[in-house]
There are 2 protein chains.
Amino acid sequence: MDLLTQKNIRATTFRKEVLAVFLEHDYAISINTIEKSIGKHDRITLYRTIKTFIEKGILHEVLIPNEEKKLAMCQSECSSDGHQHDHIHFKCEACEEVYCKEVDRVPQLQLEGFKVKSIEINASGICEKCG
Amino acid sequence: MDLLTQKNIRATTFRKEVLAVFLEHDYAISINTIEKSIGKHDRITLYRTIKTFIEKGILHEVLIPNEEKKLAMCQSECSSDGHQHDHIHFKCEACEEVYCKEVDRVPQLQLEGFKVKSIEINASGICEKCG
DNA sequence: ATTTAAAACGCAACATTGTTGCAATTATTT
DNA sequence: AAATAATTGCAACAATGTTGCGTTTTAAAT
Ligand SMILES: [Mn+2]
Ligand SMILES: [Mn+2]
Ligand SMILES: [Zn+2]
Ligand SMILES: [Zn+2]
């Protein structure tokens, strides 16, 4: 069964094309990259598609300071009830791509006086392929 | 001695006003907030001021998914040679502000096959004041 | 103190990124 | 097959960020 149907949205041609672009990459991509990959396209529909995909737990934003906003696919746990990521974002200084990388245990954080509910990590360095 | 002079840029009226806005807040603020705080202002000059401040290690961007871009002051270690932050970003679900929070030890991260050079953490939960 | 040179400012014009309303189209349900 | 609901595509707009250039301000040199 189709991922789109699973997430309770209609599996239209446009959405399948957008999804296909994400499946072709193993790293986070920008809206620009998507636009270049899909042939004819309507910018507005693309923005709405992305918004829907984020709401439904198909995509999530990947924000790195001083970089273009990027998007990447979620794991199966995410849904309209919320996102749940056990992964970090890793920006490689060599290939310059940003990878979503699963980790067994996301490092925890203790902050005196603060109640920490969730944590999100962006690391940088040299990736597996470039190492 | 003035922070601006310390960082080797001219301490103009405009820059001092922008800096003052940051000193009034103990959390990250948006460009919109700055614009509302300084009386008359030129948007272009503000954008250039921010860019300069980031380059000189006075400000850094604070990016949280699905939120307006924010900015916050750096610690003294940052300079045009680079930023060096031993702090995390904490978004409070109650007051909705994002705080830069110093930590004694930033949690480390081991990734099989990856060389981790730096790490950046965004946490969320309930802050000290709201707890 | 005056002159000079560099840096910063302010304006106009533009580029990029993202949103809203609405009519036409497409997908699902009856 | 018809009715219904979701999605699309267009136009128009709003928000965010950039570039060029002449004027003003600042710091340095005389
Ligand atoms: Mn990710
Ligand atoms: Mn910070
Ligand atoms: Zn790499
Ligand atoms: Zn709070």
Side-chain angles (χ1 to χ4, degrees), chain A residues 1-22 28-72 79-80 98, chain B residues 1-22 28-72 79-80 98:
Chain A
M1 195 204 228
D2 196 311
L3 173 61
L4 297 171
T5 315
Q6 254 179 60
K7 300 286 185 178
N8 281 306
I9 55 171
R10 293 185 180 176
T12 65
T13 308
F14 191 93
R15 287 177 177 164
K16 281 189 267 190
E17 279 175 19
V18 172
L19 200 54
V21 179
F22 282 92
I29 58 178
S30 67
I31 293 183
N32 248 302
T33 302
I34 306 170
E35 289 196 284
K36 277 172 203 144
S37 295
I38 56 183
K40 76 152 204 22
H41 57 276
D42 179 61
R43 249 169 32 84
I44 293 94
T45 306
L46 178 55
Y47 276 104
R48 282 197 274 232
T49 299
I50 289 169
K51 188 170 278 185
T52 303
F53 281 9
I54 292 175
E55 277 165 14
K56 297 294 177 174
I58 296 170
L59 295 180
H60 61 275
E61 294 185 347
V62 179
L63 304 178
I64 310 281
N66 310 312
E67 298 227 12
E68 211 180 359
K69 174 190 286 194
K70 291 181 163 66
L71 298 154
S79 74
S80 27
V98 179
Chain B
M1 195 204 225
D2 196 310
L3 173 63
L4 298 170
T5 314
Q6 255 179 60
K7 300 287 185 178
N8 282 306
I9 56 171
R10 295 186 178 174
T12 65
T13 309
F14 191 92
R15 287 177 177 164
K16 282 189 268 189
E17 279 176 19
V18 172
L19 199 53
V21 179
F22 282 93
I29 58 178
S30 68
I31 293 184
N32 247 302
T33 301
I34 306 170
E35 288 197 283
K36 278 173 202 144
S37 296
I38 56 185
K40 78 149 204 23
H41 59 275
D42 179 61
R43 247 167 34 85
I44 293 93
T45 305
L46 178 54
Y47 276 105
R48 282 198 273 233
T49 299
I50 290 169
K51 188 171 277 185
T52 303
F53 281 9
I54 293 176
E55 275 165 17
K56 297 294 177 173
I58 296 171
L59 295 181
H60 62 275
E61 293 185 348
V62 179
L63 304 178
I64 309 281
N66 310 312
E67 298 226 11
E68 210 180 359
K69 174 191 283 192
K70 291 181 162 66
L71 298 154
S79 75
S80 25
V98 179

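Please read these numbers as outputs of a predicted model, since none were measured by experiment. To find a chain, count down the sequence lines: A is the first, B the second, and so on, and within it residues start at 1.
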Seminar exercise, completed: Side-chain atoms of A:Ile44 come closest, of D:dT7, D:dG17, D:dA12, to D:dA12
Problem set entry | Per A:Asp42 side chain, nearest of listed nucleotides C:dG18, C:dA13, D:dG9 | D:dG9
Exercise. Roughly, in whole Å, what's the span from CG in A:Leu4 to P in C:dA27?
Worked result: 13 Å
For this session: Calculate the interatomic distance between A:Arg15 atom CZ and D:dA6 atom P; express it in whole Å.
Result: 11 Å
For this session: Would you kindly give the NZ-to-C1' distance between A:Lys69 and C:dT19, to the nearest whole Å?
Result: 12 Å
For this session: May I ask you to test the B:Phe53-B:Leu4 pair for a side-chain heavy-atom distance under 4.5 Å?
Result: yes
Problem set entry | B:Ile29 to B:Phe22 - nearest heavy-atom pair and separation | CG1-CE2, 3.6 Å
Exercise. Hey, which of B:Arg15, B:Lys7, B:Arg10 is the one that makes side-chain contact (heavy atoms from CB on, under 4.5 Å) with B:Thr52?
Worked result: B:Arg15
Exercise. What's the CG-C1' distance between A:Leu46 and D:dT7, to the nearest Å?
Worked result: 14 Å
Exercise. Going by number, which of residues 48-64 of chain A have a non-hydrogen atom under 4.0 Å from DNA chain C?
Worked result: A:Arg48, A:Lys51
Exercise. How would you label the contact of B:Arg43 with the nucleic acid (heavy atoms, under 4.0 Å): base, sugar-phosphate, or nothing?
Worked result: base
Seminar exercise, completed: Distance col, row B:Ile50:CD1 vs B:Ile34:CD1, nearest 0.5 angstrom, shows 4.0 Å
Exercise. For D:dG9, does OP1 or OP2 lie under 4.0 Å from any side-chain N or O of A:Thr45?
Worked result: yes
Seminar exercise, completed: Taken to the nearest whole Å, NZ/A:Lys16 to C1'/C:dT26 is 12 Å
Problem set entry | Atom-pair distance (CD on A:Glu68; C1' on D:dT18), nearest Å | 15 Å
For this session: Output yes when at least one side-chain N/O atom of A:Thr12 is less than 4.0 Å from OP1 or OP2 of C:dA27, else no.
Result: no
Seminar exercise, completed: Nearest heavy-atom contact between B:Val62 and B:Val98 is CG1-CG1, 3.7 Å
Exercise. Can you check whether A:Thr12 reaches A:Thr49 side chain to side chain, under 4.5 Å on heavy atoms?
Worked result: no
Problem set entry | d(CD1, A:Ile31; P, D:dT16) in whole Å | 15 Å
Exercise. Would you say the side chain of B:Lys16 lies within less than 4.5 Å of the side chain of B:Asp2, judging by non-hydrogen atoms?
Worked result: yes
For this session: Tell me whether the OP1 or OP2 atom of D:dA15 has a side-chain N or O from B:Asn32 closer than 4.0 Å.
Result: no
Exercise. Hey, are the side chains of B:Glu17 and B:Thr13 touching, using non-hydrogen atoms and a 4.5 Å cut-off?
Worked result: yes
Problem set entry | Atom-pair distance (CG on A:Leu19; P on D:dT7), nearest Å | 15 Å
Exercise. Within the pair A:Tyr47 and C:dT19, is there a side-chain N or O less than 4.0 Å away from OP1 or OP2?
Worked result: no
For this session: Map B:Thr13 and B:Glu35 onto DNA chain D by nearest heavy atom, then report which one ends up closer to the 5' terminus.
Result: B:Glu35
Exercise. Does a side-chain heavy-atom distance below 4.5 Å link A:Gln6 with A:Leu3?
Worked result: yes
For this session: With sequence neighbours excluded, tell me which residues meet side-chain contact (heavy atoms from CB on, under 4.5 Å) with B:Lys69.
Result: B:Glu61, B:Leu63
Exercise. To the nearest 10 degrees, what angle separates the axes at the start and end of the helix from C:dA1-D:dT30 to C:dT30-D:dA1, five pairs each?
Worked result: 30°
Exercise. Considering only side-chain heavy atoms of B:Arg10, which listed nucleotide, D:dG17, C:dG18, D:dA27, is closest?
Worked result: D:dA27
